[in-house]
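Quantities reported herein were computed from a predicted structural model and do not represent experimental measurements. Numbers here are sequence positions counted from 1.
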Amino acid sequence: MGVHGQWIDFGSEAPVHRALDVDWIHGSPSAKHNTDPDIQVHAYDEHTFILRQNKAINYEAPFLFLVFGNTRAVLIDTGATESAEFFPLRRVVDEVVGRWLAAHPRDDYGLLVLHTHAHRDHIAGDAQFADRPGTTVVGADLDSAWAYFGFADEADRVARVDLGGRVLECLATPGHHKAAVTYYDPHTGFLLTGDTVYPGRLYVEDWAAFGRTVDRLIAFAGTRPVTHVLGCHIEMTTQSGVDYPVRTTYQPDEPPLEMTVDHLRDIRAAIDEIGTRPGRHPYPGFVICREDD
């Protein structure tokens, strides 16, 4: 693969902690009269973009991540809406890729589509990329994802995805979903935790696996510089322990998306406190919803 522009060094320096002081689109009192963009695009740096779906299109309003390397980019998750008419994800991604390539010319630049897990609000836009040239879409289901990352043979391995000098580290992190994957980007220090950890309702389908996953994330973060722990939703309010009701389409009082490694430790303490009790358990920055065994 040819590179016309300068080869970008993604790995020689430790990640810089940049503030994520973003006014995220968060819906409006009337979805019918909502004037927000279909997809908000925030440039964390010139090679890293965070996207949020408009709540007027789907109340889940998931966050997606577009990360550039020297030879290909990766899009992590594809949102909650299939229709390109109502949710023009491919068009927006192509526009961002086009601008990046104008600044950093490359031949035959690829796109890889991966997922944090297989729930509908994270995979609905996959079909928009099915016929995109130079694009590989890896299925989010257990068989497809585990085969791609090599987790089927070694569940505890740290898989590596090379984007061309920018190498993501990938971990199997079941608990919320059996095929959940967490991604670590050494360039930014982002730990991308999907629906496993985020400021909202942490739905746990496998309690034992969830505990092991949180322990693993704490241990992993202890050996890497983590700047931000980033999940895929915001469901809490800024009032301690209070979340917005399910299907809320207007959230004017959202806390930040970004969390910290200390939140992982708080979740670990909450797991110990909850013990064998199923149900809903609110804590200051999250709510743990444990399914009955």
Side-chain angles (χ1 to χ4, degrees), residues 5 8-11 15-26 36-55 57 60-81 84 87-106 109-116 121-126 128-129 132 134-137 161-170 181-194 198 226-234 256-259:
I8 302 162
D9 182 2
F10 288 105
V16 176
H17 186 287
R18 292 182 170 90
L20 249 179
D21 186 18
V22 186
D23 185 15
W24 297 113
I25 56 174
H26 51 257
D36 291 332
D38 295 330
I39 303 168
Q40 180 180 5
V41 179
H42 171 71
Y44 178 78
D45 62 29
E46 64 175 315
H47 313 297
T48 311
F49 296 82
I50 305 173
L51 287 60
R52 191 185 197 183
Q53 184 170 352
N54 189 329
K55 290 186 76 68
I57 299 172
E60 295 279 12
F63 289 84
L64 324 175
F65 302 90
L66 182 60
V67 174
F68 288 83
N70 281 293
T71 57
R72 59 178 175 171
V74 64
L75 175 65
I76 299 175
D77 285 348
T78 62
T81 302
F87 180 55
L89 179 61
R90 175 171 165 179
R91 176 178 63 78
V92 170
V93 167
D94 283 347
E95 289 171 353
V96 178
V97 170
R99 290 194 295 269
W100 190 89
L101 287 174
H104 309 281
R106 301 288 192 272
Y109 194 75
L111 177 68
L112 175 65
V113 179
L114 299 175
H115 307 86
T116 60
D121 54 314
H122 299 263
I123 66 170
D126 280 14
Q128 294 187 34
F129 298 90
R132 186 183 185 277
T135 301
T136 299
V137 180
V161 174
D162 191 351
L163 306 177
R166 187 174 188 175
V167 182
L168 303 185
E169 295 186 289
C170 316
V181 180
T182 291
Y183 302 88
Y184 175 70
D185 173 30
H187 172 66
T188 58
F190 285 0
L191 189 66
L192 305 177
T193 52
Y198 67 98
V226 174
T227 57
H228 300 293
V229 176
L230 299 174
C232 287
H233 302 280
I234 301 173
L257 171 66
E258 60 271 26
M259 300 177 80

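Glu169 approaches Pro186 most closely through the heavy-atom pair OE1-CG, 4.5 Å. For Gln40 against Asp23, the heavy-atom pair with the smallest separation is NE2-O, 3.2 Å. Shown here for Gly79 and Pro62, the closest heavy-atom pair between the two residues is CA-CG, 3.9 Å. The two residues Cys170 and Tyr183 come nearest to each other via the heavy atoms SG-CD2, 3.7 Å. Across Arg52 and Ile25, no two heavy atoms sit closer than the pair NH1-O, 2.7 Å. Minimum interatomic distance between Tyr44 and Val16 (heavy atoms only, all atoms of both residues): OH-O, 3.5 Å.
Between the Asp162 side chain and the Gly164 main chain, a donor and an acceptor come within less than 3.5 Å of each other. A donor-acceptor pair under 3.5 Å is formed between the side chain of His233 and the backbone N or O of Glu60.
Once rounded to the nearest 0.5 Å, the distance linking CG of Leu112 with CD1 of Ile76 reads 8.5 Å. Here the straight-line distance linking atom CD1 of Ile234 with atom CE of Met259 works out to 10.5 Å at 0.5 Å rounding. The distance from atom NE2 of His47 to atom CZ of Phe10, rounded to the nearest 0.5 Å, is 4.5 Å. Atoms CD1 and CG, from Ile39 and Asn54 in turn, are 9.5 Å apart once rounded to the nearest 0.5 Å. How far CG of Leu51 is from CG of Asp38: 12.0 Å, rounded to the nearest 0.5 Å. Expressed to the nearest 0.5 Å, how far OG1 of Thr71 lies from CZ of Arg106 amounts to 8.5 Å.
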Go through the steps to decide whether Leu111 and Val93 satisfy the test side-chain contact (heavy atoms from CB on, under 4.5 Å), and finish with yes or no.
CA-CA 10 Å; Leu111 177 68; Val93 167; 4.2 Å; yes

Tell me, with the steps shown, if Ile8 and Phe68 meet side-chain contact (heavy atoms from CB on, under 4.5 Å).
CA-CA 10 Å; Ile8 302 162; Phe68 288 83; over 6 Å; no

Walk me through whether Leu114 and Val181 qualify under side-chain contact (heavy atoms from CB on, under 4.5 Å).
CA-CA 9 Å; Leu114 299 175; Val181 180; over 6 Å; no

Show the numbers, then the answer: is there a side-chain contact (heavy atoms from CB on, under 4.5 Å) between Leu20 and Ile50?
CA-CA 10 Å; Leu20 249 179; Ile50 305 173; 4.0 Å; yes

Would you please test Arg166 and Thr48 for side chain to side chain donor-acceptor pair (under 3.5 Å) and show each step?
CA-CA 11 Å; Arg166 187 174 188 175; Thr48 311; 2.7 Å; yes

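Side-chain polar atoms of Gln128 and Thr78 form no donor-acceptor pair below 3.5 angstrom.
Considering Asp77, Leu75, Asp126, Thr81 in turn, Leu75 is the only one that fulfils the side chain to side chain contact (heavy atoms under 4.5 Å, CB included) rule with Leu89.
Counting only heavy atoms from C-beta outward, the side chains of Thr135 and Val113 approach each other to under 4.5 Å. A heavy-atom distance below 4.5 Å is found between the side chains of His187 and Asp45.
Aromatic rings of Phe63 and Trp24 (six-membered ring for Trp) have centroids within the 6.0 Å cut-off, being under it.
In this structure Phe65 satisfies the ring-ring contact (aromatic ring centres under 6.0 Å, His included) test with no other residue, sequence neighbours excluded.
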